[in-house]
There are 2 protein chains.
Amino acid sequence: MESLGYENPRLDAIFGALSDPTRRAILARLAKGKASVNEIAEPFPISQPAISRHLKVLENAGLIAREVDEQRRLATIKGENLKAAAGWIDHFSQFWTTSFDQLDGLLAELQKDREDE
Amino acid sequence: MESLGYENPRLDAIFGALSDPTRRAILARLAKGKASVNEIAEPFPISQPAISRHLKVLENAGLIAREVDEQRRLATIKGENLKAAAGWIDHFSQFWTTSFDQLDGLLAELQKDREDE
DNA sequence: TGATTCCATAACAGGAACGTTATATACATA
DNA sequence: TATGTATATAACGTTCCTGTTATGGAATCA
């Protein structure tokens with residue numbers, strides 16, 4: 001099962017990628033379908049190299065995949081790693097929405113995850 | 001309804017706060033209940049001022065609240081803003097449902113929680 | 001009062017992040 | 001072949017982030 005221990009570089013990268021408004025907007029754009037770098041860059045007031053680097057950050061976080069189409073590089077959304085982020089949040093959100101009775105079980109689960117590392 | 005536009009400083013702060021493993025661990029600790037700064041700092045190999053600053057980052061992101069108890073400053077989890085992050089992810093996850101199969105139920109639950117507010 | 005505990009803030013250093021412009025590379029086309 | 005288009009990378013500067021040590025303030029206790 002998914003690790004939820006102290007250190008988790010994958011979550012670092014995912015949340016770090018999501019913390020930038022340009023990158024969130026890029027993901028929003030890609031949610032409508034794959035797009036080339038220039039198509040992605042068009043609405044933003046920053047340079048093309050800056051966009052290329054944002055794309056690399058998203059790629060390193062596993063949030064997008066890239067493919068080659070002639071001289072263009074198309075980017076597509078990759079949902080799996082975003083699921084990891086949603087899963088982390090959801091996991092903890094349970095602590096604030098469930099009764100204290102169930103808290104112990106959830107805590108035991110967390111503890112187990114940490115020990116799995 | 002919640003804004004999902006290009007810029008959203010609140011999401012910047014929330015995702016930025018979550019991108020650090022120490023801060024995620026602090027939230028995990030606080031999920032077990034309120035704690036003082038020293039109690040929070042105890043398991044970490046970093047100095048108390050460093051912990052104090054992490055707490056300030058979490059507070060600025062609206063992820064924790066603080067209260068005074070004699071000479072101690074207790075911190076508690078504050079779920080609302082974390083739901084904003086979950087909501088952002090959830091919103092876009094609609095487009096990638098293929099890879100979100102097993103999370104659908106949980107996300108629906110989250111959605112319900114948000115509507116209850 | 002004086003000492004101790006708990007926590008915050010200031011000042012600083014090292015490195016990461018994000019932007020820029022300039023340039024290189026690869027493919028497409030005339 | 002020469003040229004234009006699409007994208008990546010290099011080099012650089014500025015700002016932000018995270019840690020440190022030193023210190024200050026408030027509450028507690030001897």
Side-chain angles (χ1 to χ4, degrees), chain A residues 6-30 33-77 85, chain B residues 6-30 33-76:
Chain A
Y6 172 25
E7 289 186 7
N8 189 331
R10 186 153 134 265
L11 283 177
D12 291 10
I14 294 169
F15 284 124
L18 294 179
S19 72
D20 184 275
T22 300
R23 288 193 289 264
R24 287 197 307 276
I26 289 174
L27 289 178
R29 164 65 187 83
L30 293 180
K34 59 180 61 175
S36 71
V37 174
N38 276 348
E39 288 167 351
I40 292 167
E42 194 273 326
F44 298 102
I46 63 179
S47 64
Q48 169 264 312
I51 296 291
S52 281
R53 259 228 294 249
H54 280 306
L55 290 173
K56 175 156 282 187
V57 171
L58 289 168
E59 186 179 14
N60 288 340
L63 294 174
I64 65 173
R66 317 201 63 180
E67 62 185 273
V68 176
D69 168 60
E70 307 294 352
Q71 68 277 62
R72 308 188 309 154
R73 314 293 176 91
L74 302 179
T76 49
I77 289 246
Chain B
Y6 172 25
E7 290 184 7
N8 189 330
R10 186 153 135 266
L11 285 177
D12 290 11
I14 295 168
F15 283 124
L18 295 179
S19 71
D20 184 275
T22 299
R23 288 193 289 264
R24 288 196 307 276
I26 288 174
L27 289 178
R29 165 64 186 86
L30 293 180
K34 58 180 61 175
S36 71
V37 175
N38 277 347
E39 288 166 351
I40 292 167
E42 194 272 327
F44 297 102
I46 63 179
S47 65
Q48 171 264 312
I51 296 291
S52 281
R53 256 225 297 242
H54 281 305
L55 290 173
K56 173 155 282 186
V57 171
L58 289 167
E59 186 179 14
N60 288 341
L63 295 175
I64 66 172
R66 317 201 63 180
E67 62 185 275
V68 176
D69 169 59
E70 307 295 350
Q71 70 275 63
R72 308 189 309 154
R73 314 294 175 91
L74 303 179
T76 49

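Residue numbers begin at 1 in each chain, while the letters A, B, ... track the order of the sequences.
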Test log, rule side-chain contact (heavy atoms from CB on, under 4.5 Å), inputs B/His54 and B/Phe44: CA-CA 12 Å; B/His54 281 305; B/Phe44 297 102; over 6 Å; no
Nucleotide range of DNA chain C lying under 4.0 Å from chain B heavy atoms: C/dC6 to C/dT9
Residue-phosphate contact under 4.0 Å: A/Asn38 side-chain N/O, D/dT7 OP1/OP2: yes
Below 4.0 Å: OP1/OP2 of D/dA6 and any side-chain N or O of A/Ser36: no
Rounded interatomic separation in angstrom, taking CD from A/Glu39 and C1' from D/dT7: 13 Å
Nearest-Å distance for atom pair CZ/P, residues A/Arg72 and D/dT5: 15 Å
Reading 5' to 3' through nucleotides 16-30 of chain D, protein heavy-atom contacts under 4.0 Å coded B for base, S for sugar-phosphate only, - for none: --BBBBB----SS--
Step-by-step side-chain contact (heavy atoms from CB on, under 4.5 Å) determination, B/Leu27 to B/Leu18: CA-CA 9 Å; B/Leu27 289 178; B/Leu18 295 179; 3.6 Å; yes
Heavy-atom side-chain contact between B/Thr76 and B/Ile64 under 4.5 Å: no
The single option from A/Arg73, A/Arg72, A/Lys34 passing side-chain hydrogen bond (donor to acceptor under 3.5 Å, both in side chains) against A/Glu67: A/Lys34
Worked verdict on A/Arg24 versus B/Asp12 for side-chain contact (heavy atoms from CB on, under 4.5 Å): CA-CA 9 Å; A/Arg24 287 197 307 276; B/Asp12 290 11; 2.7 Å; yes
Under 3.5 Å donor-acceptor, B/Glu39 side chain and B/Ser36 backbone: yes
Side-chain donor/acceptor of A/Arg66 to backbone N/O of A/Ala75, under 3.5 Å: no
Full working for side-chain contact (heavy atoms from CB on, under 4.5 Å) between A/Lys56 and A/Asn60: CA-CA 6 Å; A/Lys56 175 156 282 187; A/Asn60 288 340; 3.6 Å; yes
